[in-house]
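The structure under discussion appears below in the form of structure tokens.
All values below were derived from every heavy atom in this structure, side-chain atoms included, with hydrogens, water molecules and symmetry-related copies excluded.
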Amino acid sequence: MNVFKFGGASVKSGLAVKNVAKIIQEHKNDSLLVVVSAMGKTTNMLENLVEAVFNESKNKQSIFNEIKVFHEEIMAGLVENSTRYFFEVENLFIELECQLDTELSDISYVELYDRIVPFGELISTKIINTFLNASGISTRWIDARNFIKTDQKFSKASVNWYATKELIEKRLKPIVNRQIVVTQGFIGRSSLGLSTTLGREGSDYSASIFAYGLDASSVTIWKDVLGVYNADPKQLYSAELIPQIGFQQAIELAYYGASVIHPKTVQPLQEKQIPLYVKSFVERELSGTLVSEKNNLELPSCIIFKDKQALLDFKTKDFSFIVENHMTHIFQVFSDLGISVNLIQNSAISFRCIVDDEPKLFENLAEIFKDKFSVRVTSTHRLLTIYNYTNGAEEKYLEDKKVLLEQKSLITAQFLFS
Ligand code: ASP
Ligand code: MG
């Protein structure tokens with residue numbers, strides 16, 4: 001039993017969807033679970049829609065229309081008389097349109113987000129499943145929310161592993177044994193029955209959760225690049241493909257921001273020793289990258305840029321030592337607010353950390369800490385991480401940049417700059 005994951009870029013047009021169908025067709029006799037993301041940039045458009053609905057902005061209808069037309073064009077590119085086939089997609093659009101009139105008095109922004117944004121994946125998988133069936137490939141559409149059980153931290157939900165594992169093992173496995181299953185990445189459902197999402201780019205993680213529950217033999221993430229590189233090949237022309245990498249190394253690269261794999265993806269696979277292939281959906285004959293237990297492989301120096309970073313600067317007001325007295329408090333607040341920390345640095349009475357820039361989360365920081373610290377937030381920085389660092393390797397990336405913070409360890413060097 002294998003798990004395939006197709007991201008937004010692999011299904012961004014009618015032609016792209018046909019290519020995905022071809023790949024599935026080649027595996028139509030295997031037992032296979034196929035996880036698919038929203039098409040192209042749909043999730044971004046849906047985020048704009050959430051914003052517009054929440055602010056009762058006039059353009060909510062036009063954003064909705066734009067999303068609908070984008071998908072209609074894809075469907076029209078797949079089969080003739082597409083409306084005859086895709087009536088279930090039409091139903092989803094009716095449901096989505098109803099969300100434009102959501103009663104806003106007692107719903108938070110993130111709850112509304114998790115009501116609206118999952119439509120990207122629901123629609124995309126319906127289109128693909130319908131097209132596969134119309135092309136004579138028998139597959140079954142499954143709602144991932146019936147299996148991926150989460151808490152209710154909307155927009156960043158955590159998986160309830162116990163419930164999820166049990167449902168996948170008991171209820172999903174027998175289905176995948178009989179038929180290829182097509183399902184969504186990124187989405188889940190809370191125990192109260194509300195839709196949730198796992199964080200942006202969370203579909204890789206979904207694939208790995210399913211693989212874990214199914215005891216899959218492998219996971220393949222099909223990408224628009226040839227595999228995992230030592231830098232983003234779209235940004236750095238000289239990037240090299242890494243043919244093989246250990247689970248632990250992959251977790252570290254993903255953590256530092258190598259965008260090719262979602263950071264949480266590797267851990268469940270590592271636990272069950274399920275190999276992960278990252279390969280191109282275009283040049284399918286190439287073997288891409290294998291992520292597996294084999295650690296301590298020689299890796300080239302890796303260059304990772306992480307955008308949209310904020311610097312939070314804390315200083316104790318009474319000049320008390322920060323480490324001894326205050327760390328627990330600060331981290332408790334971060335955890336409650338869902339702030340994810342990428343780097344920390346402290347001196348006697350100050351503490352600085354680099355976090356993903358989400359201004360909404362920082363709004364109340366000064367107020368929360370006002371008795372103990374002064375807090376300064378500066379944003380729109382970038383973080384450069386060089387893994388397997390050699391002296392001076394940063395220079396060519398940081399010419400004429402202002403470095404705000406730097407930190408080196410034995411293997412890694414990090415630089416925050418703007
Ligand atoms: N569609 C979601 C996103 O764009 C999840 C994913 O693509 O992995 O963030
Ligand atoms: Mg995506």
If you look only at pairs with a residue in [range], which of them pass as a salt bridge (Lys or Arg N to Asp or Glu O under 4.0 Å), with sequence neighbours excluded?
range: residues 109-125; value: Glu111-Arg115
range: residues 381-393; value: Asp307-Arg382
range: residues 122-138; value: Glu88-Lys126
range: residues 221-238; value: Asp224-Lys234

Side chains of [X] and [Y]: donor-acceptor distance under 3.5 Å anywhere?
X: Gln249; Y: Tyr387; result: no
X: Ser347; Y: Ser350; result: yes
X: Asp336; Y: Gln332; result: yes
X: Asn342; Y: Asp356; result: yes
X: Glu47; Y: Tyr113; result: yes
X: Glu51; Y: Ser57; result: no
X: Arg140; Y: Asn133; result: no
X: Thr150; Y: Arg189; result: no

Tell me, yes or no, whether the heavy-atom count around [X] atom [atom1], taken from other residues, nucleotides or ligands under 6.0 Å, exceeds 12.
X: Ile94; atom1: CD1; answer: yes
X: Lys41; atom1: NZ; answer: no
X: Glu285; atom1: CD; answer: yes
X: Glu80; atom1: CD; answer: no
X: Arg171; atom1: CZ; answer: no

> Would you call the rings of Phe417 and Phe305 parallel, tilted or perpendicular, where under 30° means parallel and over 60° means perpendicular?
Replying inline: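 Because their plane-to-plane angle is over 60°, the rings of Phe417 and Phe305 count as perpendicular.
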Would you please name every residue forming a ring-ring contact (aromatic ring centres under 6.0 Å, His included) with [X], sequence neighbours left out?
X: Phe54; result: Tyr109
X: His326; result: Phe373
X: Phe4; result: His27, Trp222

>> Please give me the minimum heavy-atom distance between Lys60 and Leu49, naming the atom from each residue.
In response: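 Looks like O-CD1, 3.4 Å.
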> Looking only at heavy atoms, what is the nearest atom pair of Ser418 and His381, with distance?
Replying inline: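 For Ser418 versus His381, the nearest heavy atoms are CB-ND1, 3.4 Å.
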Please list, chain by chain and in numerical order, all residues satisfying salt bridge (Lys or Arg N to Asp or Glu O under 4.0 Å) with [X], sequence neighbours excluded.
X: Glu73; answer: none
X: Glu293; answer: none
X: Lys18; answer: none
X: Glu399; answer: none

Quick check: does any side chain N or O of [X] sit under 3.5 Å from a backbone N or O of [Y], one acting as donor and the other as acceptor?
X: Ser379; Y: Ala310; answer: no
X: Asn230; Y: Ser301; answer: yes
X: Ser280; Y: Val282; answer: yes

> Residues two or more places apart in sequence or in another chain: which of them pass side chain to side chain donor-acceptor pair (under 3.5 Å) with Gln235?
Replying inline: none
>> Nearest 0.5 Å, please: how far is OH in Tyr212 from NZ in Lys165?
In response: 5.5 Å
> Would you call Glu97 and Lys68 a salt bridge, using N to O less than 4.0 angstrom?
Replying inline: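 The answer is no: the pair does not qualify as a salt bridge.
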>> As a quick check of understanding, evaluate side chain to side chain donor-acceptor pair (under 3.5 Å) for Thr183 and Trp141, giving each step before the final call.
In response: CA-CA 6 Å; Thr183 193; Trp141 185 90; over 6 Å; no
> Do the ring centers of His329 and Phe369 come within less than 6.0 Å of each other?
Replying inline: yes
>> Within the structure provided, determine whether Ile168 and Leu214 are in side-chain contact (heavy-atom separation under 4.5 Å).
In response: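 Yes, side chains in contact.
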> Please walk me through it: do Ser138 and Gln179 pass side chain to side chain donor-acceptor pair (under 3.5 Å)?
Replying inline: CA-CA 7 Å; Ser138 148; Gln179 202 173 10; 3.0 Å; yes
> Under the side-chain contact (heavy atoms from CB on, under 4.5 Å) criterion, do Phe415 and Gln407 qualify, and how do the steps go?
Replying inline: CA-CA 7 Å; Phe415 306 87; Gln407 185 155 299; over 6 Å; no
